[in-house]
Colleague: 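Have a look at this one before I ask anything.
Naming: A, B, ... by sequence-line order, numbering from 1 per chain.
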Amino acid sequence: GDSVTQTEGQVALSEEDFLTIHCNYSASGYPALFWYVQYPGEGPQFLFRASRDKEKGSSRGFEATYNKETTSFHLQKASVQESDSAVYYCALGTGANTGKLTFGHGTILRVHP
Amino acid sequence: DPKIIQKPKYLVAVTGSEKILICEQYLGHNAMYWYRQSAKKPLEFMFSYSYQKLMDNQTASSRFQPQSSKKNHLDLQITALKPDDSATYFCASSQTGAKNERLFFGHGTKLSVL
């Protein structure tokens, strides 16, 4: 079945550090890929999406590029801030005719001042 | 103001009881969903509704029954509760329910079954 693997369970950085969270997927065809972010006490929020090979999604300084060859959609940000501390989820669209998503386990990002 | 309202925020239940989780959305969307987030597991899709019709059901147990009384409501009835049902349940919505739409999530209902 379709699945998403996030390599890092937790990432600890200092402000202005470069961020990479690795996401790899397994699915047939051409699934859309998503990043969501979840702050404490809230539901996940859409960050951005990419739907085809080599497409870059971006928002709020975060970006990821769809790579069908390596089945990856790694999240990056050049300079993180303390306010970026949250849980980040990679997901893929698996519904044949619905907005159903399959999520990764999530990566906890802690940014220290 | 939150556009997707889930009630209650916290819920404690005893094993074997029945509870209803409430979800209302004020985004004018036509599709609604339930997801579950258990400890050490990723967010799991449960149901999707589009225009008040069930589109997809990934919940093996019939103890979980979605109820859509109005277009902007999708409640979740859980019967014969078990400790394994303890989780945070998130309601979500999207514009039409089409494939790959952006989802908007509520803040969740945290259910603890003792």
Colleague: Counting only heavy atoms not in B/Tyr10 (residues, nucleotides, ligands), do more than 12 fall under 6.0 Å from its OH?
Modeller: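 Atom OH in B/Tyr10 is not packed in, count stays at 12 or less.
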
Colleague: Flag yes if more than 12 heavy atoms outside B/Lys41 fall under 6.0 Å of its NZ atom; otherwise flag no.
Modeller: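 No.
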
Colleague: For A/Phe48, is it the side chain, the backbone, both or neither that has a heavy atom under 4.5 Å from a heavy atom of chain B?
Modeller: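 Neither part, no heavy atoms under 4.5 Å.
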
Colleague: Can you find a pair of side-chain heavy atoms, one from B/Pro42 and one from A/His105, that are under 4.5 Å apart?
Modeller: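 Yes, their side chains come closer than 4.5 Å.
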
Colleague: Look at the side-chain heavy atoms of Ile, Leu, Val, Met, Phe, Trp and Tyr, link any pair under 4.5 Å apart, and say whether B/Ile5 and B/Leu76 land in one connected group.
Modeller: no

Colleague: Between CD of B/Gln37 and CD of A/Gln38, what distance do you get to the nearest 0.5 Å?
Modeller: 4.5 Å

Colleague: Between chain B and each of A/Ala32, A/Ala91, A/Gly106, count heavy-atom pairs under 4.5 Å; write down the option with the most.
Modeller: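 Ranked by contacts with chain B, first place is A/Ala32.
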
Colleague: Need one label for A/Glu42: side chain, backbone, both or neither, based on atoms under 4.5 Å from any heavy atom in chain B.
Modeller: both

Colleague: When rounded to the nearest 0.5 angstrom, what distance separates NZ in B/Lys99 from CG in A/Leu101?
Modeller: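 Nearest 0.5 Å value for the NZ-CG distance: 10.0 Å.
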
Colleague: CG of B/Leu103 to CZ of A/Phe46: how many Å apart, nearest 0.5 Å?
Modeller: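 The CZ atom of A/Phe46 is 9.5 Å from CG of B/Leu103, to the nearest 0.5 Å.
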
Colleague: According to a hydrophobic-cluster definition based on side-chain heavy atoms being under 4.5 Å apart (Ile, Leu, Val, Met, Phe, Trp, Tyr only), do B/Tyr26 and B/Phe90 belong together?
Modeller: no

Colleague: At a 4.5 Å cut-off on heavy atoms, which part of B/Lys110 comes close to chain A: side chain, backbone, both, or neither?
Modeller: neither

Colleague: Please confirm whether A/Phe103 and B/Tyr35 have ring centers closer than 6.0 angstrom.
Modeller: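 Yes, the ring of A/Phe103 comes within the 6.0 Å limit of the ring of B/Tyr35, centre to centre.
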
Colleague: With a 4.5 Å cut-off on side-chain heavy-atom distances among I, L, V, M, F, W and Y, is there a chain of contacts connecting B/Tyr49 to B/Ile4?
Modeller: no

Colleague: Tell me whether the count of non-hydrogen atoms from other residues, nucleotides or ligands lying under 6.0 Å of CZ in B/Arg63 goes above 12.
Modeller: yes

Colleague: Same hydrophobic cluster for B/Phe47 and B/Ile22, using side-chain heavy-atom links shorter than 4.5 Å among ILVMFWY?
Modeller: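 Hydrophobic grouping puts B/Phe47 apart from B/Ile22.
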
Colleague: A/Gln6 versus chain B, heavy atoms under 4.5 Å apart: side chain, backbone, both or neither?
Modeller: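 Looking at A/Gln6, nothing touches chain B.
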
Colleague: How far does CD of B/Gln58 sit from OG1 of A/Thr102, to the nearest 0.5 angstrom?
Modeller: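 Those atoms lie 8.5 Å apart.
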
Colleague: Quick check on the hydrophobic clustering: are B/Met46 and B/Tyr33 connected, directly or via other members, by side-chain heavy-atom contacts under 4.5 Å?
Modeller: no

Colleague: Determine whether a donor-acceptor pair (N or O, by modelled atom type, separation under 3.5 Å) exists between the side chain of A/Arg49 and the backbone of B/Asn100.
Modeller: yes

Colleague: Name the region of B/Ser94, side chain, backbone, both or neither, that has any atom closer than 4.5 Å to a heavy atom of chain A.
Modeller: neither

